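Read the numbers this way: they start at 1 and go in the same order the structure lists the ligands and their atoms. Predicted model only: the values in this text are computed from it and were never measured. The basis for the numbers below is simple: all heavy atoms, side chains too, and nothing from hydrogens, waters or symmetry mates.
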Amino acid sequence: MKVNKEKRLAAEAAISHVADGMCLGVGTGSTVAIFIELLAEKISAEGISITAVPSSYATLLQLHDVGVPTIPLGCVASVPCAVDGADEVDAKLAMIKGGGAALLREKILAEAAQQFVIMVDNAKLVKALGTRVPIPVEVLPEALAIAMDRIQQLGGSPMLRQAERKAGPVITDNGNFILDVTVPKISNPAKLDKDLKLIPGVIESGLFPDQADIIYVGQEKGVKLLQR
Ligand code: 5RP
């Protein structure tokens, strides 16, 4: 499939950031899953040693399956590099993340990363954020009604994300709910990110206005590099 090929191309480009002895942040999602396969191949082919800091249980389990040792996110304040996927990327390298509901730990990982490297397929490249996906917002369950009301006052339309193979809402790795928020126009992602987080009980937003340093966009004929 075209999308999978583009994800693989982006992951192949990102693997060049991996160096022997590195403590590497590893995000979440299907593109990251491809990256982890390539990482395991590189480790075994080159005999290098890598420690990974995962941003979700999904990533922790895959890293464990392929034999990459891990350190909990809560034990690191800085990593030289972290790699991750995204749901939307604009020309200024602002992003929406959280399609896999891992946005809170991904933002912590992005903060720890001296270099935050993103891998996406071409469909994720958008003219304006919010055109393809809503903004995921992680909310404490006790703040659900308040958060929905205040997000509506900000002009957003929140929908509680429902689980697919469990009755009721998605529960994040941190025990919280996800609101998927549609906003008519995101003119200032950094301001909207701050405004959302001023609502009591909103823990994190999936807006990543300025975290990405390098974005590899897998395309039909190769990889496009976006750099800050
Ligand atoms: C998870 C994320 C993912 O990085 C994002 O959803 C992209 O996923 P995929 O690589 O499967 O398209 O933010 O919370």
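Remark: distances from the non-hydrogen atoms of A101 to ligand 1 include one below 4.0 Å. Residue contacts with ligand 1 include K124, since one of its heavy atoms falls under 4.0 Å from the ligand.
The residue S56 has no part lying near ligand 1, judged by heavy-atom distances below 4.0 Å. Using a 4.0 Å cut-off between heavy atoms, V120 makes no contact with ligand 1 at all. At a heavy-atom distance under 4.0 Å, only side-chain atoms of K7, from C-beta outward, approach ligand 1.
Closest approach of S30 to K7, counting heavy atoms only: OG-NZ, 2.7 Å. The two residues V170 and A101 have their closest heavy-atom pair at CG1-CB, 4.3 Å. Closest approach of S205 to L196, counting heavy atoms only: CB-CD1, 3.9 Å.
With ligand atoms numbered from 1 in the order given, ligand 1 contributes 1 (C), 2 (C), 4 (O), 13 (O), 14 (O) to contacts under 4.0 Å with heavy atoms of E106. Those atoms of ligand 1 that come under 4.0 Å of a heavy atom in T31, given as number and element, are 9 (P), 10 (O). Using a 4.0 Å cut-off to heavy atoms of D84, the atoms of ligand 1 that qualify are 4 (O). The contact set between ligand 1 and G85, taken as ligand atoms under 4.0 Å from a residue heavy atom, comprises 4 (O). Listed by number with element, the atoms of ligand 1 under 4.0 angstrom from any heavy atom of T28 are 1 (C), 2 (C), 3 (C), 4 (O).
Any N or O atom pair closer than 3.5 Å counts here, and A102 shares at least one such pair with ligand 1. At least one N or O atom of G100, backbone or side chain, sits closer than 3.5 Å to an N or O atom of ligand 1.
Counting non-hydrogen atoms of neighbouring residues, nucleotides and ligands closer than 6.0 angstrom, the CD atom of Q153 exceeds 12 such neighbours. Counting heavy-atom neighbours within 6.0 Å of Q152 CD, excluding the residue itself, gives a total above 12.
In this structure, R228 forms no cation-pi arrangement with F116, as its terminal cationic atom is not both closer than 6.0 Å to the ring centre and no more than 45° off the ring axis.
When only non-hydrogen protein atoms are considered, atom 13 (O) of ligand 1 lies nearest to G98 N, 2.8 Å. The nearest protein atom to atom 9 (P) of ligand 1, hydrogens excluded, is given as S30 OG, 3.3 Å; this is a heavy-atom distance. The closest protein non-hydrogen atom to atom 5 (C) of ligand 1 is D87 OD1, 3.2 Å.
One N or O on the side chain of R132 and one on the backbone of D87 form a donor-acceptor pair closer than 3.5 Å.
Residues satisfying the salt bridge (Lys or Arg N to Asp or Glu O under 4.0 Å) test with E164, not counting sequence neighbours, are none. Take E6 and apply the side-chain contact (heavy atoms from CB on, under 4.5 Å) test, not counting sequence neighbours, and it matches K2, D121, N122.
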Legend entry - Trace of the salt bridge (charged side-chain N to carboxylate O under 4.0 Å, His left out) decision for R8 with E37: CA-CA 10 Å; R8 180 164 285 272; E37 286 169 15; 3.2 Å; yes
